[in-house]
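Below, read A as the first sequence line, B as the second, and so on, with proteins coming before strands; counting in each chain starts at 1. This structure is a prediction, so every number in the text was calculated from the model and none was measured.
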Number of protein chains: 2
Amino acid sequence: MEPSTPSSGACNEHTPSMCRAREILDRVGDKWSLQVIALLGERTKRFTELKREIDGISQRMLTVTLRGLERDGIVSRTVYPVMPPRVDYALTPLGRTLMDAASSLVRWAETHLDEIDEARAEYDVRAAETDALKSM
Amino acid sequence: MEPSTPSSGACNEHTPSMCRAREILDRVGDKWSLQVIALLGERTKRFTELKREIDGISQRMLTVTLRGLERDGIVSRTVYPVMPPRVDYALTPLGRTLMDAASSLVRWAETHLDEIDEARAEYDVRAAETDALKSM
DNA sequence: CAGCATCCCGGCTGATACTG
DNA sequence: CAGTATCAGCCGGGATGCTG
C-alpha cells in the first residue's frame with residue numbers, strides 16, 4: 001500500500017548537500033506532491049476539492065500523496081467525525097517553508113521553460129539530420 | 001501560490017504555475033539530474049569523472065541523464081576528436097540559472113530534513129499503535 | 001575512454017470495485 | 001464524502017555485452 005522509498009543509506013562523499021537534495025526530491029519530486037502543496041498554500045482544503053482542482057489525479061494517488069506529505073510533517077489532516085465524513089487538509093508551518101523554497105523553482109520554470117522547449121526543438125532537428133547522414 | 005501568469009498553454013486551470021513546475025520536475029526531478037548539475041556547477045568535467053563522483057550511477061544512466069540535460073539546453077557537450085576519445089561536459093548559462101534556482105531547495109533540505117525524519121518516526125509510531133488496536 | 005543496444009525486473013501508477 | 005483493496009500495465013533504471 002505504501003510505495004514509500006526506504007532509499008539508499010549510503011550517500012555521496014563528493015556531494016553531501018546534493019545527496020540531501022535527492023532525499024527531498026524523493027518526497028516532493030513525484031508527480032503530484034508539489035501541486036498539492038501549492039493548492040494547500042492557498043488555504044485549507046478538503047479531499048474532493050483537491051481532487052477536483054488537480055487535473056488528472058486519481059483518488060488513489062491523491063490519498064497516497066496526502067499520506068506521504070502527512071507522514072513527513074508537511075501536511076496536516078483533520079478529521080471531523082460527522083456524517084458524511086469531512087476531512088480537512090492544510091500545510092503545516094514546515095510545509096509552508098517548503099512551499100517558499102520550491103517557489104524559486106516554480107519561478108525558474110515560468111521564466112525559462114520556453115528556452116528549454118526551443119533547445120529541445122533544435123536538438124531534435126540536429127539529431128534528425130545526423131540520422132539522415134548515417135543512413136546515406 | 002501566486003495568482004500571476006495566466007500562462008497561455010492549456011494546463012490545469014487552477015494551478016497554471018504549478019503545472020509548469022511539474023514540467024521542470026519532469027526534467028530535473030529524476031534520480032540523477034540534480035547531482036549532475038551540482039557537480040558541473042563546480043567546473044567542466046569529463047564523463048568518467050562524473051561517473052566516479054556520482055555514487056551508484058551506471059554508465060547507462062549517466063549517458064541518459066547527460067543526453068536529457070543536453071537536449072534541454074542545460075548542459076553543453078564538447079567532443080575532442082582524439083584518441084582515446086575525450087568529451088567535456090559543462091553547464092550552459094541556462095543550466096547555471098537552474099542550479100541557482102535549485103539551491104534554495106537544497107538549502108531547505110539541509111535545514112529541515114531532520115524535522116522530516118522526526119515527523120516520519122512519530123507518524124510510524126502512531127500508525128503502529130493504530131494497527132495494534134485494530135488487530136485486537 | 002565514452003558510449004550504444006539489449007534484456008529484464010520491480011515499482012509506481014491508473015482503473016476499477018467495494019466500504020463506513 | 002473520503003477513503004481502502006486489488007489487479008494490470010508501463011517504464012525507470014540496473015546488468016551485461018559490444019563498438020569507435
- Can Asp100(A) and Thr97(A) be counted as having a side-chain donor-acceptor contact under 3.5 angstrom? no
- Message: As an exercise, state the distance from CG of Leu91(B) to CG of Leu98(B), rounded to the nearest 0.5 Å.
- Response: 8.5 Å
- Query: How long is the gap from CG on Leu40(A) to OG on Ser76(A), to the nearest 0.5 Å?
  - Reply: 8.5 Å
- To the nearest 0.5 Å, how far apart are CG in Leu113(A) and CZ in Arg27(B)? 5.0 Å
- Message: In whole Å, I'd like the distance from the CZ atom of Arg46(B) to the C1' atom of dG3(C).
- Response: 13 Å
- Calculate, to the nearest 0.5 Å, the distance between atoms CD and CD1 belonging to Glu115(A) and Ile74(B) respectively. 10.0 Å
- Query: Rounded to whole angstroms, how far apart are CZ on Phe47(A) and P on dG20(C)?
  - Reply: 18 Å
- Query: Just how far is it from atom OH of Tyr89(A) to atom NZ of Lys45(A), taken to the nearest 0.5 Å?
  - Reply: 14.5 Å
- Whole-Å distance, Arg52(B) CZ to dC1(C) C1', equals 12 Å
- Message: Expressed as a whole number of angstroms, how long is the span from Leu62(A):CG to dC12(C):P?
- Response: 18 Å
- What integer distance in Å separates Lys45(A):NZ from dC1(D):C1'? 18 Å
- Query: Which parts of residues 63-90 of chain B get close to DNA chain D, meaning a heavy atom less than 4.0 angstrom away?
  - Reply: Pro85(B)
- Rounded to the nearest 0.5 Å, what separation is found between the CZ atom of Arg52(B) and the CZ atom of Arg46(B)? 9.5 Å
- What is the distance, rounded to the nearest whole Å, between atom CD of Gln59(B) and atom C1' of dT6(C)? 14 Å
- Any side-chain heavy-atom pair from Leu69(A) and Ser33(A) closer than 4.5 angstrom? yes
Would you tabulate the pairs of protein nitrogen or oxygen atoms and nucleotide nitrogen or oxygen atoms of nucleotides 10-13 of chain D closer than 3.5 angstrom?
| from | atom 1 | to | atom 2 | distance (Å) |
| --- | --- | --- | --- | --- |
| dG13(D) | N7 | Arg60(B) | NH2 | 2.6 |

